[in-house]
Number of protein chains: 2
Amino acid sequence: MGISGYSCGMSEARTRGRPRTFDRDAALATAVRLFWERGFEATSVGELTTAMGIRPASLYAAFGDKKALFREAVEVYGRSPVGAFVAEALAEEETARGAFARILRDAARIYADPSHPAGCLAISAATNVTAQDAEVAAFLRDVRNAGVAAFEDRLNRAKKDGELPAEADAPALASYFTAVVQGLSQRARDGATAEELARVAELALAAWPGGR
Amino acid sequence: MGISGYSCGMSEARTRGRPRTFDRDAALATAVRLFWERGFEATSVGELTTAMGIRPASLYAAFGDKKALFREAVEVYGRSPVGAFVAEALAEEETARGAFARILRDAARIYADPSHPAGCLAISAATNVTAQDAEVAAFLRDVRNAGVAAFEDRLNRAKKDGELPAEADAPALASYFTAVVQGLSQRARDGATAEELARVAELALAAWPGGR
DNA sequence: TCCGTTGTTGAGTCATCGCTCAACAAATGA
DNA sequence: TCATTTGTTGAGCGATGACTCAACAACGGA
């Protein structure tokens with residue numbers, strides 16, 4: 001897959017000049033994994049180029065700079081199954097309750113899946129940054145807060161549909177489910193198993209208006 | 001100086017040689033604030049010495065190295081009201097339910113208090129670190145996981161006391177409340193207000209066995 | 001065939017990182 | 001008074017950070 005028409009399966013405009021000697025998408029996947037594991041600043045360009053098997057100048061020619069590469073990595077992650085499960089649940093589930101139940105259960109399973117780094121890249125990859133990378137942290141913060149807004153929209157729709165009572169506190173519920181999802185990510189990074197997180201998800205669902 | 005018996009209030013053994021020209025506790029408080037704000041690696045020794053008003057060699061003479069300073073900062077933070085509220089609630093509240101309700105409400109209020117950095121230092125100060133600082137991340141991870149164990153102990157006591165039914169899932173509840181507290185910290189760092197987090201805390205309490 | 005374009009290569013830029021050292025300054029004990 | 005001890009100072013160490021540049025290599029178009 002690609003961002004908006006890069007060298008992805010469906011290729012791109014014919015290029016002149018020397019063709020790239022490495023797979024741009026594979027390199028991007030490598031970047032996703034490293035940023036996911038260690039975070040933005042703790043992953044050096046040297047580690048990235050070594051893992052990609054290329055030289056620094058090739059990375060800069062292909063991606064711009066480290067921040068641009070990170071932004072692309074976040075977008076790729078967000079379109080991967082692991083990064084898109086929240087949006088998919090919100091879009092596909094008929095009821096809000098079903099959507100949030102699925103989100104929590106998926107988060108428990110996915111965040112602790114040992115086949116990839118624990119937790120969520122968007123939650124944990126830019127929490128500790130220097131002043132010069134504040135924009136990167138702000139970028140991910142905006143992504144997270146957009147998630148809160150999406151939760152709130154879904155909850156308000158549920159109120160309009162009558163699924164939730166009129167007195168339900170949509171902003172608080174949106175913030176609550178966000179906090180739980182972020183907490184699941186942290187717990188996964190701290191070593192919690194999928195089984196443990198699955199039980200946490202069930203407990204968290206008790207906050208749904210009307211109870212368990 | 002000493003690692004066990006700092007120059008806190010109750011002073012320390014009489015020193016020979018030239019006396020320190022700066023307040024060690026005040027310097028430590030500065031370190032707490034900077035590490036709390038930016039995290040371990042994103043806070044440079046240069047920033048620390050500038051904020052403390054001292055030269056690097058003075059910092060190293062007084063604290064050892066950057067990691068040792070961080071460990072001391074974490075201990076000081078943990079003894080401050082802001083860092084000790086969890087332990088205090090567990091120790092002082094008669095019922096487990098009262099303890100966890102107080103923990104969540106305190107977390108909501110304290111993590112979003114604008115008079116200091118948002119969230120919890122132990123939760124957010126060493127999430128993105130390079131391989132060479134892995135021990136620092138492990139140190140805070142152990143602190144957090146010790147918190148989970150403390151939660152579980154309190155919940156098991158509640159089961160023995162009959163406050164919780166025998167079939168209550170203490171490990172899952174401990175992990176759940178940990179996740180919520182960590183989520184509150186993250187939400188606070190992302191800009192959530194104390195009012196918003198207070199409503200989140202009330203929602204989270206609905207998971208208590210027996211419901212709301 | 002030769003040109004223009006693009007990518008790779010290896011060396012190297014400059015800034016900052018954590019940290020240290022020799023010289024000097026200020027205290028105590030003899 | 002003077003030796004000892006401890007802290008401060010200013011300069012600077014080696015390593016690593018992100019990033020760049022000139023030279024070379026591989027392609028398409030004319």
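Below, chain A is the first sequence line, B the second, and so on; all start at residue 1.
- Each of B:Gly17 and B:Arg55 was assigned the nucleotide of DNA chain D with the nearest heavy atom; the assignment lying further toward the 5' end belongs to B:Gly17.
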Inset, instruction - Sugar-phosphate atoms are those with a prime plus P, OP1 and OP2; base atoms are the rest. Using that split, label each nucleotide of nucleotides 16-25 of chain C B, S or - for protein heavy atoms under 4.0 Å, 5' to 3'. - result: -SSBBB---B
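- Listed for the B:Lys159 side chain is a donor-acceptor partner under 3.5 Å among the backbone atoms of B:Ala168.
- Between A:Phe63 atom CZ and D:dC19 atom C1' the separation is 16 Å, expressed in whole Å.
- Among residue pairs with one or both ends in residues 102-132 of chain A, those qualifying as ring-ring contact (aromatic ring centres under 6.0 Å, His included) are A:Trp36-A:His116, A:Phe85-A:Tyr111; sequence neighbours excluded.
- Distance CZ (A:Phe22) to P (C:dG7): 9 Å, rounded to an integer number of Å.
- A straight line from CG of A:Leu48 to P of D:dC19 spans 11 Å, rounded to a whole angstrom.
- With sequence neighbours left out, the side-chain hydrogen bond (donor to acceptor under 3.5 Å, both in side chains) criterion links A:Gln132 to no other residue.
- Closest non-hydrogen pair, B:Val32 versus B:Ala73, comes out as CG2-O, 3.5 Å.
- A:Phe100 has its ring centre less than 6.0 Å from the ring centre of A:Phe151.
- B:Arg102 meets the side-chain hydrogen bond (donor to acceptor under 3.5 Å, both in side chains) test with B:Glu92, B:Glu93; sequence neighbours excluded.
- Summarising the geometry, atom OH belonging to A:Tyr77 is positioned 11.0 Å from atom CZ belonging to A:Phe70; distances are rounded to the nearest 0.5 Å.
- Separating the CZ atom of A:Arg20 from the P atom of C:dT9 is a distance of 13 Å, rounded to the nearest angstrom.
- Closest contact between the side chain of B:Ser58 and the listed nucleotides D:dT5, D:dT9, C:dA26 involves D:dT9.
- For B:Thr21, a side-chain nitrogen or oxygen approaches OP1 or OP2 of D:dT8 to under 4.0 Å.
- Looking at residues two or more places apart in sequence or on another chain, you find a side-chain hydrogen bond (donor to acceptor under 3.5 Å, both in side chains) between B:Glu135 and B:Lys67.
- Rounded to a whole Å, the CD1 atom of A:Ile54 is 14 Å from the P atom of D:dA18.
- The nearest whole Å value for the distance from the CG atom in A:Leu59 to the P atom in D:dG17 is 14 Å.
- Between atom CD of residue B:Glu152 and atom OG1 of residue B:Thr178 there is a gap of 9.5 Å, rounded to the nearest 0.5 Å.
- Taking a 4.0 Å limit (strictly below) on heavy-atom distances, residues 133-141 of chain B does not reach DNA chain C anywhere.
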